[in-house]
Amino acid sequence: MKRTIRNWSATRSGANIRIRGFDANGDAITIKCSVIHSPDHHNTHPTAQCEKGLYHDLI
């Protein structure tokens, strides 16, 4: 399931990146990701590539 994470911050945790923020319901969430992709012509926001190949929008 692709999520949109708002008001996020990222910190490095070993080989991973830990992203903390809020989901669409306003609940605090923390996810671990391997890569954050910068915006490109397909996406207007950064996207985080996380476990199980999921991508999350960071806004």
Side-chain angles (χ1 to χ4, degrees):
M1 180 177 81
K2 185 171 185 175
R3 289 181 167 164
T4 297
I5 301 172
R6 301 173 188 279
N7 299 329
W8 60 280
S9 62
T11 55
R12 181 156 292 283
S13 175
N16 290 318
I17 301 165
R18 179 177 294 140
I19 297 176
R20 294 180 180 175
F22 298 91
D23 66 11
N25 297 324
D27 296 324
I29 57 172
T30 300
I31 56 173
K32 285 185 182 172
C33 298
S34 55
V35 178
I36 294 178
H37 296 285
S38 298
D40 58 22
H41 61 279
H42 295 296
N43 299 302
T44 56
H45 304 291
T47 54
Q49 184 176 351
C50 300
E51 58 276 348
K52 303 181 191 126
L54 294 176
Y55 287 85
H56 302 288
D57 288 324
L58 306 176
I59 63 171

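In what follows, every heavy atom counts, from backbone to side chain, and hydrogens, waters and symmetry copies are set aside. Treat the numbers as computed from the prediction; the structure is a model and nothing was measured. Counting from 1, the numbers follow the sequence of the chain as shown.
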Side chains of Arg3 and Ile29: closer than 4.5 Å at any heavy-atom pair? yes

Contacts of His37 meeting side chain to side chain contact (heavy atoms under 4.5 Å, CB included) (sequence neighbours excluded), chain-then-number -> Val35, Thr47, Gln49, Tyr55

Which atom pairs, donor and acceptor, lie under 3.5 Å between side-chain atoms of residues 6-24 and protein residues at least two apart or in another chain?
residue	atom	partner	partner atom	Å
Asp23	OD1	Asn25	N	3.0
Asp23	OD1	Gly26	N	3.2
Asp23	OD1	Asp27	N	2.9

When rounded to the nearest 0.5 angstrom, what distance separates CD1 in Ile59 from OG1 in Thr44? 8.5 Å

Heavy atoms, side chains only, cut-off 4.5 Å: are Ser38 and Pro46 in contact? no

Please check if the side chain of His56 supplies one atom and the backbone of Ala48 the other of a donor-acceptor pair under 3.5 Å. no

